[in-house]
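In what follows, chains are A, B, ... by sequence order, proteins preceding strands, each numbered from 1.
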Amino acid sequence: MQGFPILSVMLAVPAIAAIACLFLSANGARMLALAATLIDFALGIVLWTQFDVGGAQWQFVEHAPGIFGPFGWSLGIDGFALLLIMLSVFLMPICIGASWRAIDKRVPEYMGLFLFTEVLMIGTFAAQDLFLFYVFFEAGLIPMYLIIGIWGGANRIYASYKFFLYTLLGSLLMFVAMLYMARTAGTTSIPALLAYDFPASVQTWLWIAFFASFAVKMPMWPVHTWLPDAHVQAPTAGSVILAGVLLKLGGYGFLRFLLPMFPEASGQLTWLIFALSAVAVIYASLVALVQSDMKKLIAYSSVAHMAIVTIGLYAFNQQGIEGAMIMMLSHGLVSGALFLCVGVIYDRLHTREIARYGGLSINMPKYAVLFLFFTMASIGLPGTSGFVAEFLSLMGTYQVSTWTALLCTTGIILGAAYMLYLYRRVAYGEIKSDEVAAMPDLTSRELWLLAPIAAVTLWMGVYPESFLAPMRKDVTVLLQRIDRANPGSDSRPTAGNPALATTHAPEHQAAHGEAH
Amino acid sequence: MSYSLNLLMVLPELVLTLGAIALMLVAAWGGTNATRGISIAAVFVLAGAMVALAGPSTTGGLAFGGLYRADAFAGFAKVLIYLATAVAIIMAPRFFARSPGEGLRPEYPILMLLSSVGMGMMVSAGDLLTLYVGLELQSLSAYVLASFMRRDGRSAEAGLKYFVLGALASGILLYGISLVYGFSGSTDFAQIALAYGRDAAAGTRSLGLMFGLVFVFAGLAFKMSAVPFHMWTPDVYEGAPTPVTAFFASAPKVAAMALAVRVAVEAMGSAAQQWQQIVTFAALASIILGAVAAIGQTNIKRLLAYSSINNVGFALIGLAAGTAQGVAAVLTYLTIYVIMTLGAFLIVIRMRDEDGNPLESIASLSGLSRTRPALAWAMAFFMFSVAGIPPLLGFYAKFAVFNAAVAAGLFPLAVIGVVASVIGAYYYLRIIKTMFFDEPAGAWANGDVQPVENGLIALSALLVSPVGYLAIPLLGAWSLAAARALF
């Protein structure tokens with residue numbers, strides 16, 4: 001299996017289908033897009049089953065240097081990339097399904113652009129060449145710009161520009177840093193760069209340049225403002241892919257570049273990450289609390305959740321990094337599903353105003369159940385993936401910075417507040433208008449979109465080992481690499497007073513004995 | 001060195017000159033009826049000149065006692081120049097046939113040929129006098145071409161403006177040349193390089209040589225329309241007939257840029273520290289002004305004029321690096337820029353309302369993705385590519401110049417240039433937004449099937465698409481070989 005270029009095939013299938021879509025009718029394009037994404041999902045499952053857990057760090061390696069000049073065609077995945085690729089190929093058929101009826105104009109172009117996005121996402125996670133990574137990473141702007149701009153809401157043009165220019169500015173600084181790195185290290189291979197030690201003084205500059213890119217993509221406070229705009233204006237499937245996968249590119253960047261390539265700088269600047277993340281969690285949650293637009297509310301909750309990812313990553317320990325990774329997967333599923341839930345009722349009433357809804361549990365019981373489930377997963381109820389994610393990240397963080405953990409934990413409480421408040425307003429209470437009363441429950445198509453996500457969310461919550469196992473070894477490798485720069489904990493537990501303990505011990509024992 | 005070998009080295013120019021003279025005679029007797037035949041013949045003459053590049057004209061070295069340099073660098077630039085000129089000739093007949101006023105006249109392809117002779121001389125110049133003669137031959141043809149639509153006020157204005165400002169620039173250049181000659185004692189690049197070398201070695205800064213350098217660069221900056229000598233560009237580009245604008249935006253830019261590189265490296269290489277400051281300033285000023293000034297434009301030709309200023313700035317970053325890698329990056333940048341520009345102009349030339357009148361406002365591109373999806377996608381490719389967004393080939397162009405700048409340690413230049421490219425991205429995005437997001441404006445004229453033009457658009461779109469990345473190893477090796485010829 002290792003000789004078969006499965007990653008290239010996974011890139012080629014949607015790429016060819018994307019071009020073919022442009023020449024088909026609307027229905028033909030829908031069918032082809034669904035078929036192509038399902039084939040990729042099947043290939044993804046093959047990838048996962050063939051992945052040797054605990055084996056070589058880089059698997060399914062393909063290497064063809066020189067055909068694109070400085071952009072070497074090297075692909076390969078480790079556990080992190082595997083899981084994120086799985087997330088992408090899992091969400092993609094669901095996105096196509098979500099657009100089945102909602103998109104009725106310019107369908108072939110839409111499907112073509114979505115398939116192109118899939119190529120770029122898989123390529124970004126699988127690229128093992130610095131510049132190949134950059135090409136895939138940056139190219140993602142083109143399809144998202146067009147998807148938001150053509151099929152988006154009323155204020156789509158502003159949102160599309162903001163999305164494009166914001167992210168472009170961030171990544172161009174990273175581009176200059178990459179040129180420098182390739183020059184200094186004399187290689188563009190990511191595995192080789194992972195082992196290269198840049199001087200500490202240079203690391204800080206490189207770290208800042210990369211941070212500029214990934215912080216925008218993530219998005220971290222205060223450069224998150226493009227996200228609510230983009231989410232609100234994007235079509236449902238666009239939001240799903242934006243929240244589900246594109247934001248993960250930021251987290252993946254932290255994991256792949258910022259931490260292992262610049263460990264000293266990461267150690268020195270942990271305070272910055274913690275401060276920004278703590279602000280993000282509290283600020284974004286408070287902002288989410290007062291939103292009247294459903295999509296905006298979920299967008300702000302994304303900002304808060306992604307901040308948990310960054311603190312987990314910068315905890316410099318096993319729990320933190322595993323928690324951050326699970327958080328990315330969980331958030332990809334749950335917020336994707338929440339956007340789908342919003343899409344379901346948006347398709348019926350064509351408004352995202354929370355105030356227009358109410359009492360949906362009366363006439364849409366199936367919908368209400370699934371929506372409640374995803375609400376709970378977003379809050380982090382035990383048994384859902386959100387709990388595992390938040391628990392691990394915060395536990396990891398607590399070992400490093402009790403204050404940050406304390407501040408970020410309030411995010412869970414606030415998260416419960418805004419999500420339950422949203423659910424109460426949408427699903428409970430009286431049905432306010434005839435329009436709402438006339439809304440039919442989930443169709444079987446919609447059920448088929450949401451049910452698989454619910455199943456995986458539950459699986460990840462009940463038995464997270466399936467998802468932790470593939471990356472455990474990679475986390476260990478990463479920790480070995482960065483441990484030398486570990487900033488240490490802010491808690492300074494004293495060794496206790498053993499002398500005192502020994503003198504007290506007999507007394508204690510005596511007292512114990514007396515009681516008997 | 002035998003005289004015949006000298007002649008062999010200038011074979012491309014000989015082919016073009018003799019071809020132009022022969023066609024001029026045909027035109028004198030054949031009149032306007034011969035236009036079509038002459039245009040086709042002119043393209044073949046250019047093809048012949050391209051074939052002639054294969055021999056000693058790219059490997060021979062010095063010809064005519066150093067006046068002319070037949071090296072790989074000149075060969076690279078000439079290939080680009082001939083190709084761009086050929087495309088400008090091919091796109092002309094249909095444009096003029098459907099424009100009000102007189103149709104195309106046989107002088108058009110002949111002037112193009114003469115202009116390419118001049119450009120060939122420029123990129124092969126080994127002496128300030130060859131440089132000046134080539135530059136003037138190119139410019140004089142260009143002045144006439146700019147005002148080729150004689151009955152059109154804007155075209156005449158463009159020609160006049162170009163001429164007056166061009167004459168001023170030639171004056172500045174000549175003044176610089178006279179200073180350099182006066183203080184170095186020669187017009188030969190090798191001798192001038194020695195004079196600058198002595199000056200640098202002695203540690204004295206000869207004021208005359210420095211002033212000469214500044215004036216020469218000012219004159220050259222005018223020819224390549226780098227800020228602050230760019231003022232003529234938008235007006236001339238807007239007024240000139242569109243095929244001529246396409247020509248101005250491609251071939252003469254390549255020639256002027258290659259000439260500047262040659263003068264900077266071969267004649268003034270020892271004064272690199274001095275011209276690097278000028279080039280760095282011109283590069284950043286061009287990038288920023290080209291980007292900012294384009295934002296307010298409503299005319300697509302003016303917008304592309306500012307875009308060309310912007311692009312010259314990026315190409316100059318490669319020159320500022322001052323290394324072989326930097327020069328190779330300049331050539332790479334120019335190659336990709338020429339493809340994108342010609343592709344964009346081939347689409348601009350299609351913009352006509354239902355009565356066949358040329359449209360030039362950006363608004364008339366509205367909804368093009370609905371009415372003409374193939375054209376809209378091709379244009380989107382060109383625009384994303386000029387903006388430097390991967391996976392289009394324009395990204396590789398930017399990659400090459402910034403890589404050279406970083407390799408030369410010019411971090412502030414690289415960072416400012418990269419950040420300013422975001423401003424540029426804004427207005428390229430605006431064109432895409434107009435084509436894809438806006439509702440269709442009035443329909444365009446359907447027009448006849450244009451297989452050659454369609455083929456050229458498709459070919460250039462394919463080249464800037466990710467498929468073009470396959471050409472990178474070849475382009476990289478070839479441009480580096482060309483650049484090495486200078487060092």
Open item on the list: So, taking the atom named OH in A/Y161 and the one named CZ in B/R430, what distance separates them when rounded to the nearest 0.5 Å?
Closed with: 7.0 Å

Task: Over 12 foreign heavy atoms within 6.0 Å of CH2, A/W73 - done: yes

Open item on the list: Can you tell me how far apart CZ (B/F384) and CZ (A/F164) are? Round to the nearest 0.5 Å.
Closed with: 5.0 Å

- [ ] Evaluate the ring planes of A/F71 and B/Y469, with Trp represented by its six-membered ring, and classify them as parallel (under 30°), tilted (30 to 60°) or perpendicular (over 60°).
- [x] tilted

Task: Distance-minimising heavy-atom pair for B/P391 and A/I142 - done: CD-CD1, 4.1 Å

Open item on the list: Please give me the minimum heavy-atom distance between B/F437 and A/S160, naming the atom from each residue.
Closed with: CE1-OG, 3.6 Å

Open item on the list: At a heavy-atom distance under 4.5 Å, which candidate from B/I472, B/V418, B/L429 has the highest pair count against chain A?
Closed with: B/L429

- [ ] Taking all heavy atoms of B/I389 and all of A/E138, pick out the closest pair and write down the distance.
- [x] CG2-O, 4.3 Å

Task: Interface moiety of B/L392 toward chain A, non-hydrogen atoms closer than 4.5 Å - done: side chain

Task: Which of A/G149, A/G152, A/A139, A/S171 touches chain B most, by non-hydrogen pairs under 4.5 Å - done: A/G149

TODO: Heavy atoms only: give me the nearest B/V422-A/L165 pair and the separation to one decimal.
DONE: O-CD2, 3.8 Å

Open item on the list: Tell me the closest heavy-atom pair linking A/E109 and B/F436, and the distance in Å.
Closed with: OE2-CE2, 4.0 Å

Open item on the list: So that I know where these two stand, are A/Y180 and B/F411 an aromatic pair - ring centroids less than 6.0 Å apart?
Closed with: yes

- [ ] Return the option, out of A/T184, A/L173, A/L120, A/L146, with the maximum number of heavy-atom pairs under 4.5 Å with chain B.
- [x] A/L146

